[in-house]
Structure formats: structure tokens, C-alpha cells
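Down below is the structure, laid out as C-alpha cells.
Numbers for residues simply follow the sequence, beginning at 1.
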Amino acid sequence: MILRAEDECREMLVVYGQRLLASGLVQGTWGNLSVRLNEDQMLVTPSGLDYERVKPEDMVVVSIRNLHYDRFGNRPTSEKGLHAGIYRHRPDVGAVIHTHSTYCSVFAAARMPLEVENPRMAEEVGDIIRIADYARPGTNALSRNTIRALGRAKGCIMAHHGMICCGVDLKQTFHICSTIEEAAEQYIESRISD
């Protein structure tokens, strides 16, 4: 079981939210992040708050089992069920990041798996980044489809929606997101230059 200090997790969610924004992996309030606090709880980014303005105290503690949270604070991301589903199915996962990055969004729109052609990147994230079947954002169907496509992998692309990655912590998960986005960029750029 993964145990983390809540205060440290709140700070790290702010840091990595800002890194996602600075790197272009998210825009505005799109995308979301979470960390597993313990077997029963996760800490998630709030709904509708810009990553440039969000503070540690804005993060929301949510039950992994039933999605309950304190109704007197901020509302958690609408994708809380997706994050919780990954934590329930993957005890090895300590952090989840969902992005709307530029190049992975091309694959999401085309419903096309990403073939990772760079051997170094493939070693880190796998040879193929699978596509999850389409479902509306925030729905149980999206969670089911994404968990199925993700399997034991480090990331997958959600049809018409974006990318989701998971790892032991936010540092590793951010690296995975960046690597998959770079692999998508390389794939597209190599086809344009041919």
C-alpha cells in the first residue's frame, strides 16, 4: 500500500499542474491530476480552477471506493471516477495525470494507436500506446473503456478526449506523459517530412 503525506501531495499537485501548463500538455483548466494518499483516498485537482492560480488548499480529498468528498470545499475534477477506477484496478499506481496535449490529441481524434518508433522511448512507455473506445467525459463508460485499454501499461489515449498516464508518483507520471507526447510528435513529424 502506498502512503503519502497529504501536505506534500497538495504541494506536488500544484507544482506538476504548473509544469503541465508550462510544457503545453494542458491548456487553461483542462486536464487533471491525482495522487493516491492511501488505500481508501486520493487527492485530486479541483474542477474549473486554472493551474496558474490553484493553491495546495484547493485540492480535494476523494474516496477511491465511492467518490465521496467534503461538499463544503471545492468540487473535484469531473474525471474523479476515472482516477479512482485506475487506483482500484492498479495497486501499483500512486499518481494519475490526464492531459489534452497537442500531438496525442491528433491520435485521439483519429482513434489511432500510437506506434512508439524511438527505441529509447519504447523501452520507457511501451511499443504501442493503445486507444480507449470513446465515451462521454466524466462517465462510468469512459472509466471502463480507459481501464480496459490501459491494462498494465503506463498510458493510453482516449478516443476524442486526450491522454492518461500513471506511475508510482507525479514525477514519474509527468515524465511518462512527456515521453508519450514526444513520441506522438516524432511519429507525426516523420510522416510530414516523408
Membership question, hydrophobic clusters at under 4.5 Å side-chain separation (ILVMFWY): are [Y] and [X] in the same one?
X    : Y    : result
I192 : V116 : yes
I164 : W30  : no
I128 : I131 : no

Next item on the list: Inspect the surroundings of CD in E57 and state if more than 12 heavy atoms from other residues, nucleotides or ligands are less than 6.0 Å away.
Entry: yes
Do [X] and [Y] have side chains that approach each other closer than 4.5 Å (heavy atoms only, starting at C-beta)?
X    : Y    : answer
R10  : V61  : yes
H100 : M158 : no
I64  : D40  : no
D169 : M12  : no
L25  : F174 : yes

For [X] and [Y], work out which heavy atoms get closest and say how close.
X    : Y    : result
V14  : P56  : CG2-N, 3.5 Å
S47  : P76  : CB-O, 3.5 Å
E181 : C104 : OE1-N, 2.9 Å
P46  : M59  : CD-SD, 3.7 Å
H83  : S34  : ND1-OG, 2.7 Å
A95  : T173 : O-OG1, 3.5 Å

Test your reading of the model: is there a side-chain donor-acceptor pair from [X] to the backbone of [Y], 3.5 Å cut-off?
X    : Y    : answer
D133 : N145 : no
Q172 : V168 : yes
E79  : G138 : yes
R90  : A153 : yes
T146 : S143 : no

Margin query: When you compare the side chains of H161 and H98, does any donor N or O come within less than 3.5 Å of an acceptor on the partner?
Written below: yes
Next item on the list: Mind running side chain to side chain contact (heavy atoms under 4.5 Å, CB included) on N32 and V44 for me, showing each step along the way?
Entry: CA-CA 8 Å; N32 35 74; V44 303; over 6 Å; no
Note to self: Under the salt bridge (charged side-chain N to carboxylate O under 4.0 Å, His left out) test against D92, which residue among K154, R36, R152 passes?
What the structure shows: R152
Next item on the list: Report the C-alpha distance between M42 and K80 in whole Å, list the side-chain angles of each, state the deciding distance to 0.1 Å, and finish with yes or no for side chain to side chain contact (heavy atoms under 4.5 Å, CB included).
Entry: CA-CA 9 Å; M42 61 183 177; K80 61 190 173 296; 4.1 Å; yes
Next item on the list: Kindly determine whether Q186 and M121 satisfy side chain to side chain contact (heavy atoms under 4.5 Å, CB included), including the steps that lead there.
Entry: CA-CA 11 Å; Q186 286 183 4; M121 292 179 179; 3.4 Å; yes
Next item on the list: For the pair F107 and Y187, name the ring-plane relationship: parallel under 30°, tilted 30 to 60°, perpendicular over 60°.
Entry: perpendicular
Next item on the list: Carefully, step by step, assess K55 and D58 under the rule side chain to side chain contact (heavy atoms under 4.5 Å, CB included).
Entry: CA-CA 5 Å; K55 299 181 184 81; D58 294 324; 3.5 Å; yes
Notebook entry, point to check: For Y51, which residues count as a ring pair (Phe, Tyr, Trp, His ring centres under 6.0 Å) partner, sequence neighbours excluded?
Noted result: none
Next item on the list: Output all residues satisfying ring pair (Phe, Tyr, Trp, His ring centres under 6.0 Å) with H160, sequence neighbours left out; order by chain, then residue number.
Entry: Y134
Item checked: salt bridge (Lys or Arg N to Asp or Glu O under 4.0 Å) between R191 and E115, intermediate numbers included -> CA-CA 12 Å; R191 278 18 180 218; E115 182 180 344; 5.1 Å; no
